[in-house]
Amino acid sequence: MSRYDLPPLASVRVFEAAARHLSFTRAADELGMTQAAVSYQIRMLEDRVGAPLFIRRPRAVELTAIGDTLAVAASKVLDQLNSAFEAVRQRASGVLSINVIPTFAVQKLSPVLGRFQIAHPDLATRITATRALVDFASDDVDVAIRSGNGQWPGLRCHELFKARFTPMLSPALAERHGPLRQPADLLKLPLVDPHDPWWSAWFSAAGVDASEIMKRPISCMGDQFLEAQVALGGMGVAILTPEFYRRELETGQLIQPFPLVEEMGQSYWLCYAERRRNVPKIKAFRDWLLAEMAGTAEPVATTA
């Protein structure tokens, strides 16, 4: 059983307009309806109430005592409802909620997000950095940046760049352990998260039998930017995505000892619900991020 025994909202809106104007004709003009449609909605409401709401005169209408009481309440409630919807609309249109992988948030998004905010001063941003997959059907999220193959039902996805990987280490660690002449030399060094599948894939592509790394103690940093911190501290070799660490490579904080860069068919993607593809704030962020990535990353095709 319904909690509320209320008449249709359409009838209440028509009644409120007619009561405010004391005219069915002016109410019809305001609501974009015919006068006959207004009269019909009023009769429906009177049937629901069980008493007349207006006194019909040849050229005018007047509220009955019951109608007057209902008009005051209807006007107040519709004002409150309108204010609530307006507040929600402002919140929904004025805040862009971004769900993003932590490494992407730290290395790619945070350093440049200020440019988006300058270009869109009326749009606030809220970032949630997490590896958990967002559910666009139930979570309060507008866009997400995630890694994978881009084949997610119900989502519009744009490829940002390939999830490539290669070993990196600090110059200090390389100096302590001597020159690295061939990929197999990396096995002499401490590897960050040696059970990461990227290590096995990279060593295999390099023609190195690295089965022994699976016997090393299991460790898991959880996020690539944490692995990079270990490498920057000179405590191990991390397998990282060069696109995230261009600055560290250019400044010499990290070195890439070998040119071999591998991938496993995955990329980083900007995603949002297909049904919301034309929402202005989503379109604004999409256009800005794709342009931003085009200026800093290798060109890639987008899935339109």
Side-chain angles (χ1 to χ4, degrees), residues 100-111 129 131 145-150 159-269 293-301:
V100 57
I101 296 170
T103 298
F104 196 105
V106 172
Q107 295 297 119
K108 297 294 285 186
L109 188 58
S110 296
R131 297 181 69 181
I145 298 172
R146 60 171 60 165
S147 62
N149 60 14
E159 189 178 24
L160 301 177
F161 54 85
K162 302 292 185 183
R164 305 184 304 155
F165 48 88
T166 191
M168 298 184 197
L169 70 161
S170 70
L173 180 61
E175 185 177 345
R176 287 201 306 270
H177 287 268
L180 297 170
R181 294 187 174 88
Q182 55 189 359
D185 291 340
L186 289 172
L187 296 174
K188 303 173 185 177
L189 303 181
L191 304 181
V192 181
D193 290 1
H195 291 249
D196 187 328
W198 282 6
W199 276 118
S200 296
W202 189 87
F203 277 123
S204 177
V208 176
D209 179 7
S211 56
E212 65 88 6
I213 65 174
M214 300 307 293
K215 301 176 184 178
R216 299 189 184 189
I218 296 177
S219 65
C220 182
M221 300 298 294
D223 287 298
Q224 192 179 150
F225 80 92
L226 296 175
E227 298 170 5
Q229 292 304 307
V230 177
L232 286 164
M235 302 305 295
V237 185
I239 190 155
L240 306 172
T241 299
E243 190 61 49
F244 286 135
Y245 298 99
R246 284 186 172 188
R247 181 174 63 253
E248 288 80 359
L249 290 168
E250 291 171 356
T251 59
Q253 295 173 273
L254 289 174
I255 60 175
Q256 179 184 330
F258 303 105
L260 176 64
V261 178
E262 272 298 295
E263 61 178 89
M264 297 176 68
Q266 296 190 329
S267 297
Y268 291 92
W269 302 82
M293 293 297 103
T296 61
E298 295 181 22
V300 294

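The first residue of the sequence shown is numbered 1, and numbering continues consecutively from there.
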So, Trp199 side chain and Val192 main chain: donor-acceptor pair closer than 3.5 Å or not? yes
Between Glu243 and Thr241, is any side-chain donor less than 3.5 angstrom from a side-chain acceptor? no
Taking only residues two or more places apart in sequence, or in another chain, which ones meet Met235 in a side chain to side chain contact (heavy atoms under 4.5 Å, CB included)? Val230
Parallel, tilted or perpendicular: rings of Phe161 and Tyr268 (30°, 60°): tilted
Under 3.5 Å, is there a donor-acceptor pair between the side chain of Ser267 and the main chain of Glu159? no
Quick one: does Asp223's side chain have a donor or acceptor within less than 3.5 Å of a partner on Phe225's backbone? no
Check whether more than 12 heavy atoms from other residues, nucleotides or ligands sit under 6.0 Å from atom CZ of Arg181, and answer yes or no. no
Tightest non-hydrogen contact, residues Val261 and Pro242, listed as CG1-CG, 4.4 Å
Can you list, pair by pair, the side-chain donor-acceptor contacts under 3.5 Å of residues 201-216, counting residues two or more places apart and other chains?
| from | atom 1 | to | atom 2 | distance (Å) |
| --- | --- | --- | --- | --- |
| Trp202 | NE1 | Leu260 | O | 2.9 |
| Asp209 | OD1 | Ser211 | N | 3.2 |
| Asp209 | OD1 | Ser211 | OG | 3.0 |
| Glu212 | OE2 | Arg216 | NH2 | 3.0 |
| Arg216 | NH1 | Leu189 | O | 3.1 |
| Arg216 | NH2 | Leu187 | O | 2.6 |

For Leu240 against Ala228, the heavy-atom pair lying closest together: CD1-CB, 3.9 Å
So Trp198 and Asp193, side chain to side chain contact (heavy atoms under 4.5 Å, CB included) or not? Walk me through it. CA-CA 10 Å; Trp198 282 6; Asp193 290 1; over 6 Å; no
Can a donor-acceptor pair be found, under 3.5 Å and without considering hydrogens, that links the side chain of Ser170 to the backbone of Leu232? no
Could you tell me which non-hydrogen atom of Pro171 sits nearest to which non-hydrogen atom of Gly252, and how far apart they are? CG-O, 3.1 Å
